Asker: 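Below: one structure in structure tokens.
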Amino acid sequence: MFQQARRRLILPFVLPQLILYTLVMFVPLALTIYYSFTNWQGHGNPKVWVGLKNYNVLLKDGNFHNAVENSIRLTFIGGLLLFVPAMAIAWALQQPLRGKRFFSFIILAPVVIAASVAGLIWKWIYNPSQGLLNPFLERIGLEHFAVPWLGSPRWALTAIIVASVWHGVGTWILLISAGMDRIPPDLPDAAKLDGAGDWQVFRTVTIPLLWEVLRILLVLWIIQALQAFTFIFVMTGPVAVGGPLGSTDVMVTYVYRIAFNDFKWAYGSALATAMLGAIFLLSLMVNRITMRETVEY
Amino acid sequence: MAASSGSPTPVKGHTVPPGTFKFTAIYVVLAIYCLFTIVIFGWVVLTSLKSNTDILMFPPWHLPDTLHWSNWREAWETGVGRMFLNSLIVTTMGTIGSVTLACFAAWPIARIPFKLSHPLLMFFLLGIMIPYPLTAIPLFSIVEDLRQRFDWVNVYMILIVLYSVGGVSFNTFVMTGFYKTLPFELEEAAAIDGASPLRTFWQIMLPLAKPGIASLLILNFLTWWNEFFYALLFIRDRSEYTVTLGLTYLDQQAVYSGRWVGIFAGMTLTMVPVLIIFFFLQRQITKGLTVGALKG
């Protein structure tokens, strides 16, 4: 009786979300895969089935390879620049400190600023003549290192990574801290009583107990990093998105240019579909590599 | 409030040997990192108060003779105000839309045993795996069609629908988890007392789920306030610009015209209110950011 009356509510409760979600996510998803087998050149043009042609083009497309390479570079360098300091700061914030609320406020403050605004701020920081960075380097005698950051094919991607890490690191510190909070305090305490130092406790107790959390965060990072767009668009665009010389061109910026500057919608769809494959494969791989016997606690 | 250096004193039961190297090192590193962020924010605000000639003076951190507060008013009146309003409209509506959908859809999945509940949940969660560029081309073309066919379709509606659906996976995940933690006896007791299931949901479940809903509202608001890709794709008219898109436009203008004050005033005006809100809601926002992220 009780459940029967409730069952009548299932449909009206679930249906609105189900319909909207299917229409806005899955219909377009299916259409993208379908378009990738056609030769569609944008709105109002005819669509003709061409089979795997777009995928053959994609395999030989040097610009796409470059974009994939840059995406992987961004994921890797960004991951290092993100996780090492995030772990260190999360650990530091676990210690009995004064002014913790102040520290976490400042560390998290960039997170609440829009990514595009943070990107713009850093674009100006890197400005060779009036930015904050180069005049500062000159002042402290490092004028040698004062390169035009965003104008240099060698440094542009790293410069963008630094900006986006500054913006996002707070979230990861927060998530790692939440993971550390769940470690029962008697475990590290016991290790300390046995005479282990801070580094030893961190390496042999904290990291193994945190491993599951770190794995999830790593996969999350990869999924997110392979979809990087806003920072690159804002800091190199809107005219030369992905520049200089394609050195900051990643998968999404390339798809964006092909689809919405050149209006090659069929090819853009093939690229986007390939991107899904790449993300899926890479996160699966990392999931495998980081698989370890987990410690139950 | 800031203890930037010096010896830490014992806090809450922990006795810390004063002046240990470890603690000094932690304070110094944290202080340097925080100083770095403060300098960046400070520089943006300071520059926004300079005149256009002052900005060109070297070094960029020098203090101007007079602070031009009128820069802010000018930026607000020449576009930033409008952008704020646009952002506020789409963000608020999109947030309400996405959280409402999930509040309803997650309840039967979490609380009523039926055959399809698990597959349904999995289907809703699948969205997390789908990269947004993968749906962009068909969405763009569909929206284009709708715009040509019906004049009443406007960019606000498009963004509100996209934002409402964009939150489905995450919100359903969090709400399902939250509903599951509520005791089952409550609903049974209400049913025995003669309350209809709808009334039980409305008067017992939803009020109990308030903390979860509040976290989601904050998190969704933050996400959609900062959204860039859909705004870039669908907004065309300058009067429709949201804050995130409008600032990139202001930036372009500043680069071409050499009047840099405008963009710095714009960045300050969008940054400062958010930081003030964050200052007062730090605990809630922090909780919102962690919610659901580490479940299971």
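Letters A, B, ... mirror the listed sequences (proteins, then strands); counts begin at 1. Just so it is clear, the model here is predicted, and its values are computed rather than measured.
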Asker: Show the nearest heavy-atom pair for residues A:L276 and B:M129, with the distance to one decimal.
Answerer: CD1-O, 3.8 Å
Asker: Honestly, is A:R101 close enough over B:F279, meaning NZ or CZ under 6.0 Å from the six-membered ring centre and within 45° of the axis?
Answerer: yes
Asker: Can you check whether A:F260 reaches B:I137 side chain to side chain, under 4.5 Å on heavy atoms?
Answerer: yes
Asker: Given heavy-atom pairs under 4.5 angstrom as the criterion, report whether the side chain, backbone, both or neither of A:S283 touches chain B.
Answerer: neither
Asker: So for A:L18, is it side chain, backbone, both, or neither that comes closer than 4.5 Å to the heavy atoms of chain B?
Answerer: both
Asker: Against chain B, label A:K100 side chain, backbone, both or neither, depending on which of its atoms sit under 4.5 Å from a heavy atom there.
Answerer: neither
Asker: With a 4.5 Å cut-off on side-chain heavy atoms, are A:I121 and B:M271 touching?
Answerer: yes
Asker: How long is the gap from CD1 on B:I112 to CG on A:L9, to the nearest 0.5 Å?
Answerer: 6.0 Å
Asker: As a quick check of understanding, evaluate ring pair (Phe, Tyr, Trp, His ring centres under 6.0 Å) for A:Y21 and B:F123, giving each step before the final call.
Answerer: CA-CA 10 Å; A:Y21 176 72; B:F123 180 62; 5.3 Å; yes
Asker: Could you look at B:F201 and say if it's the side chain, the backbone, both or neither that has a heavy atom under 4.5 Å from chain A?
Answerer: side chain
Asker: What part of A:L29 is in contact with chain B, defined as an atom under 4.5 angstrom from a non-hydrogen atom: side chain, backbone, both or neither?
Answerer: both
Asker: Side chain, backbone, both or neither: which part of B:A25 has a non-hydrogen atom closer than 4.5 Å to chain A?
Answerer: neither
Asker: Check A:V112 against B:I285 and note the closest heavy-atom contact, atom names and distance.
Answerer: CG1-CG2, 4.4 Å
Asker: Can you tell me if B:Y33 uses its side chain to pair, donor with acceptor, with the backbone of A:F103 under 3.5 Å?
Answerer: no
Asker: Between A:W124 and B:T47, is there a side-chain heavy-atom distance shorter than 4.5 Å?
Answerer: no
Asker: May I ask you to decide if A:I106's main-chain N or O and B:T37's side chain share a donor-acceptor pair within less than 3.5 Å?
Answerer: no
Asker: Mind listing the closest non-hydrogen atom pair of B:F41 and A:A109 along with its distance?
Answerer: CE1-CB, 3.8 Å
Asker: Which bit of A:M275 is near chain B, if near means a heavy-atom gap under 4.5 Å: side chain, backbone, both or neither?
Answerer: side chain
Asker: As an exercise: rank B:I142, B:T100, B:I40, B:L120 by heavy-atom pairs under 4.5 Å with chain A and give me the winner.
Answerer: B:I40
Asker: Determine, stepwise, if the pair A:I113 / B:L275 fulfils side-chain contact (heavy atoms from CB on, under 4.5 Å).
Answerer: CA-CA 8 Å; A:I113 307 279; B:L275 287 178; 4.1 Å; yes
Asker: Using non-hydrogen atoms and a 4.5 Å limit, figure out which bit of A:R8 sits close to chain B: side chain, backbone, both or neither.
Answerer: neither
Asker: Closest approach of A:A272 and B:P133, non-hydrogen atoms and distance?
Answerer: CB-O, 4.0 Å
Asker: Is it the backbone or the side chain of B:R283 that comes under 4.5 Å from a heavy atom of chain A, or both, or neither?
Answerer: neither
Asker: Against chain A, label B:V161 side chain, backbone, both or neither, depending on which of its atoms sit under 4.5 Å from a heavy atom there.
Answerer: side chain
Asker: Got a donor-acceptor contact below 3.5 angstrom from the B:Y27 side chain to the A:L97 backbone?
Answerer: no
Asker: Non-hydrogen atoms of chain B under 4.5 Å away: do they reach the side chain of A:I10, the backbone, both or neither?
Answerer: both
Asker: Compare all side-chain heavy atoms of B:T135 with those of A:F26 and state whether any distance is below 4.5 angstrom.
Answerer: no
Asker: Side chain, backbone, both or neither: which part of A:V111 has an atom under 4.5 Å from a heavy atom of chain B?
Answerer: both
Asker: Closest heavy-atom contact between B:P197 and A:R6?
Answerer: CB-CG, 3.7 Å
Asker: Determine the minimum heavy-atom distance between A:F13 and B:F104, stating which atoms define it.
Answerer: CD2-O, 3.3 Å
Asker: Between A:V169 and chain B, which part of the residue has a heavy atom less than 4.5 Å away: side chain, backbone, both or neither?
Answerer: side chain
Asker: For B:L233, which atoms come within 4.5 Å of any heavy atom of chain A: side chain, backbone, both, or neither?
Answerer: side chain
Asker: Do the non-hydrogen side-chain atoms of B:F228 and A:F229 ever get within less than 4.5 Å of each other?
Answerer: yes
